[in-house]
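Atom set for the values below is all heavy atoms of this structure, side chains included, hydrogens, waters and symmetry mates excluded. Remember, it's 1-based here, ligands and their atoms both numbered in the order they're listed.
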Amino acid sequence: MRLVLLGPPGAGKGTQAEKLSVYFGIPRISTGDILRHNVAQNTELGKKAKSYMDSGQLVPDDLVVKMVEHRLKESDARKGFILDGFPRTIAQADALLKMTKIDAVLSFFLEPEELIKRNTGRRVCPKDDTVYHVLMNPPKKPGVCDKCGTALIVRADDREDVVRKRIETYEKQTAPLIKYYRDRGMFREVYATGLIEEIFLRAVEALKA
Ligand code: AMP
């Protein structure tokens, strides 16, 4: 199963990618996570990517395409993968189709105001990247990661002004991929409202269709 997940920031794409990864036994490849790790470790890639990420803009295509190309060559991706956050532009989608075959594209849909609410409630563990939400998916003890006990943080790009910018970036640069994949017969849409488990069942159903 080679899957691409699409959806604006806050649609719950990462959470569903994690669940689908366990369900199908294939790795979740999140370009956002890989980039954040590079920023945290201050690598050459991290240094180049940071200012774009902090302002809610996309990191240039050539950097991200190279990064994904490299990641897809790792042995765990041979039996399939879930791309979470890539492609985000038509140029990235073209590059991806040259790299590998894709079985389906799942697109998570939510109303814009609901997106703002979701994004500003997100909390993440800086150590193991577990994602929580103060309303939808709170940790057992407020402010602390269930898995490792580390204090949770708000991602720098989850501030409301940056969230608005990220949604705008999605609409301008990534939403055109809906038509792109629809034209190629790969597109499946999933309504991302409701409980995490309900959305997950919808996603699995959409993949059977
Ligand atoms: P995410 O965690 O997927 O929301 O990604 C966080 C940030 O990383 C985005 O706002 C972009 O700045 C950058 N990013 C992640 N994936 C990509 C991509 N495929 N193309 C360009 N920038 C990306």
(message) If I take atom OG1 from residue T130 and atom CG from residue L152, how far apart are they, to the nearest 0.5 angstrom?
(response)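 If I round to the nearest 0.5 Å, the distance is 8.5 Å.
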(message) Rounded to the nearest 0.5 Å, what separates atom CG in L3 from atom CZ in R188?
(response) 9.0 Å
(message) Given the ring of F200, does K19 sit roughly above its face, with NZ or CZ under 6.0 Å from the centre of the six-membered ring and within 45° of the axis?
(response) yes
(message) Both conditions, 6.0 Å and 45 degrees, for the charged tip of R182 above the ring of Y180: are they met here?
(response)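 The answer is no; the distance or angle limit is not met.
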Check each heavy atom of [X] against ligand 1 and say whether those closer than 4.0 Å belong to the side chain, the backbone, both or neither.
X	value
L58	both
V59	both
Q57	backbone

(message) The test is side-chain contact (heavy atoms from CB on, under 4.5 Å); show your working for R202 and E205 and say whether it passes.
(response) CA-CA 5 Å; R202 263 178 240 149; E205 277 308 305; 5.6 Å; no
Any nitrogen or oxygen of [X], main chain or side chain, under 3.5 Å from a nitrogen or oxygen of ligand 1?
X	result
D84	no
R88	yes
G56	no
S30	no

Who's the nearest protein heavy-atom neighbour of [atom], and how far?
atom	answer
atom 20 (N) of ligand 1	Q92 NE2, 2.9 Å
atom 10 (O) of ligand 1	R166 NE, 3.9 Å
atom 6 (C) of ligand 1	R36 NH1, 3.5 Å
atom 16 (N) of ligand 1	T31 OG1, 2.8 Å

Give the numbers and elements of all ligand 1 atoms closer than 4.0 Å to a heavy atom of [X].
X	result
V64	18 (C), 19 (N), 20 (N), 21 (C)
G85	16 (N), 17 (C), 18 (C), 19 (N)
L35	8 (O), 13 (C), 14 (N), 15 (C), 23 (C)

(request) May I ask you to check whether T43 and Q41 show a side-chain donor-acceptor distance below 3.5 Å? (result)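 Short answer, no.
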(message) Between the side chains of E160 and R164, is the shortest nitrogen-to-carboxylate-oxygen separation below 4.0 Å, so that they form an ion pair?
(response)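 Answer for the salt bridge query: yes.
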(message) Do the side chains of K13 and D84 get close enough for a salt bridge, i.e. N-O under 4.0 angstrom?
(response) yes
(request) Identify which of M53, R155, K50 has a heavy atom lying nearest to atom 8 (O) of ligand 1. (result)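 It is M53 that holds the nearest heavy atom.
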(message) Applying the side-chain contact (heavy atoms from CB on, under 4.5 Å) criterion to F81, which one of M1, R71, R2, E74 satisfies it?
(response) R2
(request) Determine, stepwise, if the pair V64 / T89 fulfils side-chain contact (heavy atoms from CB on, under 4.5 Å). (result) CA-CA 11 Å; V64 186; T89 62; over 6 Å; no
